[in-house]
Novice: 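After the structure tokens below, expect a handful of questions from me.
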Amino acid sequence: MKKILGTSLLLVGMAAFGQSKEDSIQFRKISTEILNNGKGYTELRELTKNIGHRLSGSEAYEKSVKWAEQKLRDAGADKVWLQEVMIPVWERGKESLHIQAANGKWKSLKMLSLGNSEGTGGKDVSGEIIMVKSMEEYDKLPAEKVKDKIVFFNYPFSQSFVETFKAYGDAAKYRTTAASLTAKKGGKFAIVRSLSSAFDDVPHTGAMRYEDKVSKIPAVAIGSTTADELEALLKSQKISAKLNSNCGMKGEKLSHSVIGEITGKKDQSVIVVGGHLDSWDVGEGAHDDGAGIVQSIEVLRTFKKMGIQNNHIIRVVCFANEENGVKGGIQYGKTVKEKNEKHLFAIETDAGGFAPRGIALDMDNVKRNQIKGWSNLFLPYGVYNFEERFSGTDLYPLHDMGIPAAELMPDSQRYFDIHHTEEDTFEKVNRRELLLGATALTQIIYMIDKNW
Ligand SMILES: [Zn+2]
């Protein structure tokens, strides 16, 4: 009882501290500055329309490196540099998927090879489709039933979760493991129902992985209505599929993450805010993660513009290769270790440029509770959820070193309609929602810088 009382008194004390008049005035100034003068939306238009999608290893990615370097300078960074990182190069090339019904006619299906998948080397590979609705169902299939077949993993993206990231987490293993599971039982290739919250025929790509010592057969995704139609056809007849694709890994290449920072007046410890500069090779990588890049640059610009005297280094990291290797995040963590740079806090924004709803906090309870004690300051900006415990993919190496890590949590209802698709375009981003995300990031960094 005593302990409980002690904890709650501490929390009340922190909350009172968090609601200081000075901080709430500063929060308002930050939001007024960003909503009126924010450059993030215009910069996102440049990135998406002038450069477009920018898969690691592509020419477009290299252009985006130069672009981000310039934007960080324009925002007023005291120092901007490129961090070398070796990245895997994957290319899509031409691809097509056809199905043939019992009447013999071939029909083309909208599809995307999954990222990192090998293709068919430009040759037709065909076979009869067998469908499974779950991993459990697949596990029960004897190898002779799968041999020389095409396995269609038709596991639906659950509509039951309110937070769509939970549905994504629930279904993601189908995308990542379908090819190796199919290969182990002698199948020819795998078709996966897209990880999509939408009911349309748009296929979603995304990273898959091969298990060691298992033959590298192709895996492709189809949209949810295409999957439903295929399921309906399979109920009444045998269907064959034919895949022809050229995708595959093309070795490694030297590339860069882009980093900019403003000097701290008190010490050399670092606060990181970042997103990933690369995207998949379809659409424009607007929500994923152009939004996170321009929001992170906005944080730096706002500190400079408002003349906030930050105590610590505030550093923006535009990570390379999040989508198909996380090599930028890994290299950043390695460099922090080598240079023994003290990091106070790191936050990533990589969940779409939608209105912010919360900040996930992956750190010890003392620090979590301190941040939660500031939550009333965030309420007028629609940011209320500080309960989740995770952080950005690029930050896992930092988190593993014990550095407090976090991720901005925007409204998730529309993200998986367009995630990793041709539909992830600038037009799907709302200026105010994007800038409110940048506002929440600037506010949390302001509080961490002042209090830690
Ligand atoms: Zn992303």
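Both counts, for ligands and for their atoms, begin at 1 and track the order of listing. Computed over heavy atoms, backbone and side chain alike; hydrogens, waters and symmetry mates excluded. The first residue of the sequence shown is numbered 1, and numbering continues consecutively from there.
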Novice: State the atom name: nearest N, O or S atom of Asp350 to the Zn ion (ligand 1).
Specialist: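 Minimum-distance N/O/S atom of Asp350 relative to the Zn ion (ligand 1) is OD1.
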Novice: So which of Phe390, Phe157, Phe416 actually passes ring-ring contact (aromatic ring centres under 6.0 Å, His included) with Phe165?
Specialist: Phe416
Novice: Considering only N, O or S atoms, which atom of Asp288 is nearest to the Zn ion (ligand 1)?
Specialist: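 Closest to the Zn ion (ligand 1) among those atoms: OD1.
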Novice: Any idea how His419 and Tyr415 line up, ring-wise: parallel (<30°), tilted (30 to 60°), or perpendicular (>60°)?
Specialist: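 It falls in the tilted class, 30° to 60°.
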Novice: How are the rings of Phe153 and Tyr138 set relative to one another: parallel (under 30°), tilted (30 to 60°) or perpendicular (over 60°)?
Specialist: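 Tilted: the ring planes of Phe153 and Tyr138 meet at 30° to 60°.
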Novice: N/O/S atom of Glu322 under 2.8 Å from the Zn ion (ligand 1), yes or no?
Specialist: no
Novice: Check for me whether Lys372 meets the cation-pi criterion with Trp374, that is, NZ or CZ under 6.0 Å from the six-membered ring centre and within 45 degrees of the ring axis.
Specialist: no
